[in-house]
Amino acid sequence: MTIGPVDSCLEVVDFDPASLAFYAPVDLNDPRLLAQDGLSPSEGNPQFHQQMVYAVAKTTIGHFEFALGRKTLWSAHRTKDKGKYHSEFVDRLRIYPHAMREANAYYSPERKALLFGYFPASATESGQNMPGEMVFTCLSHDIIAHETTHSLIDGLHPRFIEPSNEDVLALHEAIADIVALFQHFAYPDVLKHQIARTKGDLESQNLLGELAYQFGQATQCYGALRSAIGEIDKDTKKWVPKQPDPTELLRTKEPHDRGAILVGAVFDAFLAIYKARIRDLLRIASNGTGIFPPGELHPDLVERLAQEASKTAEHVLHMCIRALDYCPPVDISFGDYLRALITADMELVTDDRHNYRLAVIEAFRRRGIYPQDIRNLSTESLMWHVPTPDEQEKFKKIFKSPSSLQSLMPDWGMESDRRKVFEKSEEGRRKLHGWFRGSDAKDAVSAARILLDEKKDSHYRSVCRDEDGIPRLEIHSLRPARRIGPGGQTVIELVVEITQRRRGYLDAELQEKVDKGEIDPPPDPDFIMRGGCTLLIDPGTADVRYCVYKDITSSNRLDKMRKFLNSGAGPALNMTYFGDARREHFKRWMSGDSDRGVGMEPFALLHRNNSHEEEI
Amino acid sequence: MRRRSNLRLIPPKDGVTVRMYNTGFGDCFLLAFPAENDSARYVLIDCGVHHQFSGGSERMKLITEDIAKATGNNLQIVAVTHEHTDHITGFRYGDSAFKEIEIGELWLAWTEDPSNTLAKKLRDIHGQRIRALQAAVARLKETGSPLAYRLEGVLNFDLNSDTGMLKGNKGIFEFLRSCSQKNPERPEDYRTPGEPPLEIQGVKGVKCYVLGPPQDKVLIEKSSDKSETYSEFKALNEETAFMAAVMAASGSSGKTDEKADMEAEKAADGKVADEKASEEANKKADKNTNEEADKDVDEEANEEANEEEDDESYAELFRRSCPFDERLMMPKEAAISDSVFGEFFREHYGFGDDKDDSQRWRRIEEDWLSSASKLALNINSATNNTSLVLAFELTYTVPSKVLLFAADAQVGNWSYWQKLAWPKEGEKDGRVDSSADSKVDSKVTGKDLLKRTVLYKVGHHGSLNATLREKGLEMMDSRELVAMIPVDEVWARTKQNWDHPAAVLLKRLGEKSRGRVIRSDRIPEDGHMAKPDGVSDAEWNAFLENLDWDRSSQRLWIQYTVR
């Protein structure tokens, strides 16, 4: 680590363009700082701010790396040159702690940077602050963790910023909030005070919920954190948990509000698990009666309860992160995420001793979150599709032998060099692309719902094709995932993501004409529909263990997407004037204009929108 | 009863004809009321096209000529709702036509009144915001950001016009006053909500209620239920901190070394201004007294003094708005050449202007300017909320019908109407009418007017935040309801990316009005207007009876007669 701080994956650069000033970078290796464990908190010292953003971002990265069992990569810098796309390796996420004068902070996928704002507290809404006193978003643990999570998800799933249905952006927001919340809860000291305060009333769900509410309150920007779990009752001034309403999801469209429902579900699951985990402690401490005498709790009990709570928080946090490896590459929905959660957890912890999975399923069910296409909400039916023997045979044709598969695997552990991992993975992707386009694969790809037909009478002429009329495909991602084998040993699995794209038209009739090949060449599309799959492969046997697909030929999905993009610009005032961010996204993507220009940041808009809601 | 557009517009004896001009994107409404001896009196509400609408000025010329012919060069009342270009540019583009038109009265919102203290305060804040936004837009333009054009569109002031925004509008008012029969600058031009209902000279049975703009600073700022309100300019808050930074970055905060130059320039300007002013004063001498001319000069001098004062307070504000002690701030040049940290900044930020500079795509010099969109929305909402809102009540009908012209009013303006009430005639003089029915219905309220609305000029081109739901459209109960929307949806969506008209609102308007939604961008091409599903032939034909439109290829207008 050098001054900035700058290390192998982060660089803090403190430029404040609105104040026309650079601030000197902190040197955390300075012996004087080492001796006192870093700078002590001081709002008036920019170097403390630098240290703070660095430390929290680093912690968030640490949680991701622990949960995923590998080094994290940032999304590649994509450029277009002479009609060809290039992906450049991005070694470090840039952090600007004082990037703007606004009550906002965002991850910029374009700059691969986190931009934090600052602003003077206003006289009317200052809350705990003195009017005029400077509020720094880069000093909020939750905001830093939230924004860092956006960048980490983008590194893993660059298509998750594509608004192809109402859940995609909501999921981005929700996971960022979940990580911020549970990372905060993972510090036992934060919880102790609150637990001690409740005295005997430990069964009440309120204590931790109220704490979560307070975090949200302090960070202003995060609607999801504030409203997901409960609210202060206007009359009694007491915090009351929000009653889950399974129909709420159907009525809610705005990404933050939808995200809040998912956050609420995960938080409910956390509470259920926590309560189950402390049951024995409560029995012991109350001599089996479950009833506590009035007065303070024993400090030892407070200590143990706080530990259980923070351990549970950490488990839930890692469970939610690990699920990201089991997601479809495009067009994810909340239901898909639930399936990913269950499958990922099943893979890691076969024996569900603490009933984590049941708690999750129950909490999601109560909020109305479940996949559309399964029979019931049992663990078994929520698990992703396991290929049939017939499909397995087809996959064998593509992936050949275990040894050839293993040659694709980048050496991607905790100790690896990021650039080497990136390069090796690029090489693997090229190889794999060749396999999919090989003659053996022609019919076999149907197992992965990949379209490779070259027939002129195809019904899917809108699928983007190469010069020979064969649908293009992209090996979107190639990475290892970790699971625990039956004997307790760590087994590495290979995750392969394949995507294809299709020209989408808001006019359904035009779509049909293009699909039938009646208009050739096809006109410029209004949007891009994507399809593809995520395959989880056992490199030891070359078996595909799970296949998660989003069928490119699905007319159902295409209709849904069209409806979504046609559903108006949404209620936010910002969108009334600055356009429908959803359609904008596709326009920019198609123009290939990587330098989107100032003011087009997807997360900046998303966060800003939240403060302008309308009445009708 | 088809009339050609080159003929006078004569309403039937028992009806009021409302002609909506298709200006492109903008408001222009001509109301014709029946008067004695089969004659008519005319009220014009707004006359504008958005300044970014191409071909707008040519079209406005045709429209103003049509107004001149339709009214026989006589407008009893000209109401100007607010100062956005899409409501006023027609007065400038069509000035040759207006010069020939006799104007009886001008109706302007109280927010335009120079003698009103609250109005002056609002204008001051407004002017400061505009200047800051102008500076931000100028910087964004340099970077080629598409946001610059968007901001100008949202702002809806012609920032490029020679006259400059505020003076340009003042010019329009002055021009209109010179067309008016009476002396210019009369306090009675300014309309205040809640004042006794107005009458149109020579027209019987019509009362006009003024509903907005609210005389309440907080409501004016209110664009939506949840948006914040901002305090005084000199108080440090999110908005003023941003404004101060923009002004500092554009160099207009008056740095010490430039100050002398600036003052010299100002002095020179002042002289020219004085000369101009005295020239104008001479011209006006036949109309005005010299005293009044002096007042004009004073005013201009005052404005300049204000600007200078602003510069100083901006510089001071900027100092206060910087987050850290001055000693910790390193300007760019110092950062590049710093002996200890220079290398760090060169390597990790990079300063080269070369396109191939590998660091360039990660730099953030201009990103912070995108906060200007927040500022622009606040300005826009505040201006829309200063809209003059008029409700014409036809008292000869039972229950009396109301024509509601909401201009671009947003939440703050709308919610104010709920509280308004007018004593029944006679009561205000303390003479309570003793007849029985006046006790039952002793006053007219803003709510009544909404309930009885039969013609609704949809707020703000059909945007979502300019028609309230529960305290607005849902209260309009009349089975006769007709909605008129001046809008160009294609232009709004493709050129500006605006959600005008909003689909949700359009749907509900269609339901409430049983399909009788008249749009300026949907003037029938082929001589008929298709009947919507679920409406009987009889009902639809009755509507068509009262509908008419310009059959010329220009399709300048569409009109509806309320009987």
Side-chain angles (χ1 to χ4, degrees), chain A residues 3-4 6 11 13 15-25 44 46 77 94 96 98-104 108 111-113 115 118-120 122-125 131-132 134 136 568-569 571 573-580 584 595 597-601 604 608 611-616, chain B residues 140 143-147 150 154 223-231 235-238 241-242 245 248-249 321-325 328-332 335 341 344-345 348-349 361-362 364-371 373-374 377 380 411 463-465 467-469 497-499 502-505:
Chain A
I3 58 167
V6 173
E11 55 183 350
V13 180
F15 174 41
D16 175 357
S19 304
L20 302 163
F22 286 80
Y23 306 116
H77 175 49
R94 175 80 55 93
Y96 293 110
H98 307 103
M100 63 202 152
R101 293 184 167 188
E102 191 182 333
N104 198 359
S108 162
R111 308 218 184 281
K112 313 293 173 203
L115 284 80
Y118 62 88
F119 61 99
S122 71
T124 46
E125 296 192 24
M134 210 55 87
F136 295 97
L573 186 59
N574 210 313
M575 282 200 200
T576 301
Y577 289 108
F578 292 108
D580 184 337
E584 278 288 289
D595 188 19
V598 176
M600 299 294 153
E601 290 288 349
R608 205 174 284 141
S611 60
H612 281 280
E613 285 165 40
E614 298 310 323
E615 183 153 317
I616 206 169
Chain B
L140 282 167
T143 71
S145 162
L147 190 63
R150 296 260 174 93
V154 173
S223 65
S224 68
D225 259 12
K226 289 178 186 168
S227 78
E228 309 177 34
T229 56
Y230 288 88
S231 50
L236 199 55
N237 60 34
E238 186 186 354
F242 173 72
S321 68
C322 287
F324 301 108
D325 193 292
L328 298 171
M329 296 166 70
M330 258 190 277
K332 185 175 157 192
F341 302 117
F344 169 82
F345 287 122
H348 291 281
Y349 191 71
W361 63 276
R362 302 193 81 168
I364 55 159
E365 271 90 348
E366 277 84 26
D367 295 55
W368 65 283
L369 288 166
S370 65
S371 314
S373 59
K374 255 190 186 176
L377 291 181
N380 185 287
V411 177
S463 85
L464 206 47
N465 59 323
T467 296
L468 285 209
R469 187 173 47 199
N497 233 319
W498 293 342
D499 192 24
V504 191
L505 176 61

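Chain letters run A, B, ... following the sequence lines, proteins first, then strands; residues in each count from 1. These numbers were taken from a predicted model, which means no experiment stands behind them.
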**Prompt:** Of the listed residues (P25(A), A99(A), G4(A)), which shares the most heavy-atom pairs with chain B below a 4.5 Å separation?
**Reply:** P25(A)
**Item:** Option that, when pairs with chain B are counted at under 4.5 Å, heavy atom only, ranks first among K112(A), R101(A), E11(A)
**Value:** R101(A)
**Request:** Just jot down the ring-ring contact (aromatic ring centres under 6.0 Å, His included) partners of F341(B), sequence neighbours excluded, or say none.
**Result:**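 So F341(B) forms no ring-ring contact (aromatic ring centres under 6.0 Å, His included) with any residue.
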**Asked** Taking the side chain as C-beta and beyond, is there a heavy-atom pair between T143(B) and E365(B) under 4.5 Å?
**Response** no
**Request:** State yes or no: are the ring centers of F324(B) and Y118(A) separated by less than 6.0 Å?
**Result:** no
**Prompt:** Aromatic rings F22(A) and F345(B): how do their planes relate, parallel, tilted or perpendicular, breaks at 30° and 60°?
**Reply:** perpendicular
**Request:** Please flag which part of F344(B) lies under 4.5 Å from any non-hydrogen atom of chain A: side chain, backbone, both or neither.
**Result:**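 The side chain, not the backbone.
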**Request:** Counting only heavy atoms closer than 4.5 Å, note whether Y23(A) contacts chain B via side chain, backbone, both or neither.
**Result:**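 When you check distances to chain B, atoms from both the backbone and side chain of Y23(A) fall under 4.5 Å.
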**Asked** Which atoms of Y96(A) come close to chain B, meaning under 4.5 Å heavy atom to heavy atom: side chain ones, backbone ones, both, or neither?
**Response**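 Just the side chain, heavy atoms under 4.5 Å.
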**Item:** Top of A502(B), P331(B), S321(B), A335(B) for chain A proximity - count of heavy-atom pairs under 4.5 angstrom
**Value:**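 Ranked by heavy-atom pairs under 4.5 Å with chain A, first place is S321(B).
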**Asked** Based on non-hydrogen pairs under 4.5 Å, which of M329(B), R362(B), H348(B) is most in contact with chain A?
**Response** R362(B)
**Item:** Residues that S108(A) engages under side-chain hydrogen bond (donor to acceptor under 3.5 Å, both in side chains), provided they are two or more places apart
**Value:** E601(A)
**Message:** To the closest 0.5 Å, what do you measure between CH2 (W368(B)) and CZ (F242(B))?
**Reply:**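 Here the interatomic distance stands at 5.5 Å.
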